[in-house]
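Okay, structure first, notes after.
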Amino acid sequence: MNLAVIGSGGREHSICYKLKQSNKIDKLICIPGNAGTQTLAENINIDIKNFKEILKIIKIKNIDIVVIGPEEPLVNGIVDFLNKEGVKVLGPDKFASKLEGSKAFMKDLCKKNNIPTAKFGVFEDYDSAIHFLKSNKTPIVVKADGLAAGKGVSICNNIEEAKNKIKEIMEGKFKSSKKVVLEEFLEGEELSYFVISDNNCYKFFGSAQDHKKVGEGDVGPNTGGMGAYSPSNLLNDELENKIKKKIIEPTLKEMKNLGHPYTGFLYAGLMISNGEPYLIEYNIRMGDPECQVLMMRLKTDLLEILDLVTKNELKKVNIEWYDDNAITVVLCAKGYPGNYIKDSEIKNIYKVETDKNNQIFHAGTYIKDNRVFSSGGRVLNITSKANKLKVARDKSLENLKKISWIDGFFRRDIGWRAVNKK
Ligand code: AMP
Ligand code: GLY
């Protein structure tokens, strides 16, 4: 079969890595891809906002299934567009993509279906937002309603800070929406929980824990994710049962009732508070960097899973995982998540020996004259798997030492909550 992967991050590189292992794969293309996907797939440099160009290439290359990595094309309706042209795509349609694309939609769906989530209000005018603010405790969480590239959430410790954030959003800081969501602050530990779904059923697709803060010890501004490990040490049968019954199943049922059954990967960002799961957010795609650790642990042929999903026959496959712990440490360009250095050469990547337990997934990289350069904030994902999490982390850190990049930095403490427990 011929597959196309849309995107250019570590997530997409790890998806290509796993697809390439399938004995059913004939052709693999990545749009636009990065220096890592180039070694596994044919990179085709098209702007992923340009659906017409994507369709043209998909027809020329006889692609059977298209996998959409990032949220933006999904929210903008790429699935509806390609389906109409008879192309099979893995991902939710434009309506179902509101689960991530509009926090107000997601929160209203939770309220209607008694899905546990932080108490909240959605506001379009400043005065009512301030009224809500004054009747709630701090810290309070201020969120932009629409997509904001990971920059739309602020945890505010006082009213003044919250007022400023509300003003910024209402004055149009984020193009996607001027609505503000205000939320009670939830205490606890975060868990990323994944499922894959077709029109008839859904299946567990792994758990992980991301590290969103830029600094060691979880300090500093939020990022897209500085590293992750899988499986999460928080998950047990009792908690998983609650997540499925109280959160995942009511959501999928409601999407069906609304006439838009959810298909594709669904990523629930959860806060676990005293053993109870609360939904913080839905993502309508795999996580990045969570995907990188999940692809190391996935035993079943990914292509087979995706093929069955697009035929609504997911129930036929038993999805299996390696019991090992996997970890990924993200090597970033100095300055990230603010303004960061670009076009800086990264040397000696080849010195890291890669195998089924050790991989480097590229994110913001490109190749010029056989040399690798950085182009993004998150640049490489140094990923390892071992029976113990500590062993996997030590291996990733050892591999990082072999790479020479003076303009890079990373967190040495990924997995700190779990490293001595598993
Ligand atoms: P989001 O973009 O919604 O994932 O939010 C980014 C991060 O902000 C989450 O991963 C949490 O760490 C934090 N966060 C969001 N909402 C809440 C909340 N209601 N209580 C506590 N932390 C939150
Ligand atoms: N790792 C966070 C995300 O993919 O949204």
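Ligands are counted one by one from 1 in listed order, and the atoms in each one are counted from 1 as well.
Under a 4.0 Å criterion applied to the non-hydrogen atoms of Gly224, ligand 2 contributes the atoms 1 (N), 2 (C). Proximity to Val141 (heavy-atom distance under 4.0 Å) selects the following atoms of ligand 1: 16 (N), 17 (C), 18 (C), 19 (N), 20 (N). If you number the atoms of ligand 1 from 1 as listed, the ones under 4.0 Å from a heavy atom of Lys143 come out as 3 (O), 15 (C), 16 (N). Listed by number with element, the atoms of ligand 1 under 4.0 Å from a non-hydrogen atom of Met271 are 21 (C), 22 (N). Of all atoms in ligand 1, listed by their number and element, those nearer than 4.0 Å to a heavy atom of Ala118 are 19 (N). The contact set between ligand 2 and Asn283, taken as ligand atoms under 4.0 Å from a residue heavy atom, comprises 5 (O). Against a heavy-atom cut-off of under 4.0 Å, Lys212 is close to the following atoms of ligand 1: 10 (O). The atoms of ligand 2 that sit less than 4.0 Å from any heavy atom of Gly287 are 4 (O). For ligand 2, the atoms sitting less than 4.0 Å from at least one non-hydrogen atom of Asp210 are 1 (N), 2 (C), numbered in the order shown with element in parentheses.
Side-chain polar atoms of Ser192 and Glu290 form a donor-acceptor pair below 3.5 angstrom. A donor-acceptor contact under 3.5 angstrom links the side chains of Tyr202 and Glu249, judged on distance only. The closest side-chain donor-acceptor pair between Ser404 and Asn348 falls under 3.5 angstrom. No hydrogens or angles considered: a donor-acceptor pair under 3.5 Å links the side chains of Tyr229 and Gln209. Between Glu240 and Tyr193, the side chains place a donor N or O and an acceptor N or O closer than 3.5 Å (distance only, hydrogens not considered). Checking Ser102 against Asp145 by side-chain atom types alone, a donor-acceptor pair falls below 3.5 Å. With no hydrogens or angles considered, a side-chain donor-acceptor pair links Tyr366 and Asp343 at under 3.5 Å. A donor and an acceptor atom, one from each side chain of Lys342 and Ser375, are nowhere located under 3.5 Å apart.
Residue contacts with ligand 2: Ala228 is excluded, as none of its non-hydrogen atoms falls under 4.0 Å. Heavy atoms of Gly225 come nearer than 4.0 angstrom to ligand 2 in no pair at all. At least one heavy atom of Pro289 sits less than 4.0 Å from an atom of ligand 2.
Arg285 NH2, 2.9 Å is the protein heavy atom nearest to atom 5 (O) of ligand 2.
With contacts defined as side-chain heavy-atom distances shorter than 4.5 Å, the pair Gln359/Gln292 does not qualify.
At a heavy-atom cutoff of 4.0 Å, ligand 1 is contacted by no atom of Glu187, backbone or side chain. Contacts of Leu186 with ligand 1, taken as heavy-atom pairs under 4.0 Å, involve both backbone and side chain.
Checked against a 3.5 angstrom limit, the closest N/O atoms of Glu281 and ligand 2 fall outside it. For a threshold of 3.5 Å applied to N or O pairs, the pair formed by Arg11 and ligand 2 contains no separation below that value.
Remark: Lys256 is not positioned above the aromatic ring of Tyr262, lacking an NZ or CZ atom under 6.0 angstrom from the ring centre and at most 45 degrees off the axis.
Around atom 19 (N) of ligand 1, the closest heavy atom drawn from Glu183, Lys119, Glu100 belongs to Glu183.
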Derivation and outcome, side-chain hydrogen bond (donor to acceptor under 3.5 Å, both in side chains), residues Asp301 and Ser22: CA-CA 6 Å; Asp301 181 344; Ser22 171; 2.8 Å; yes
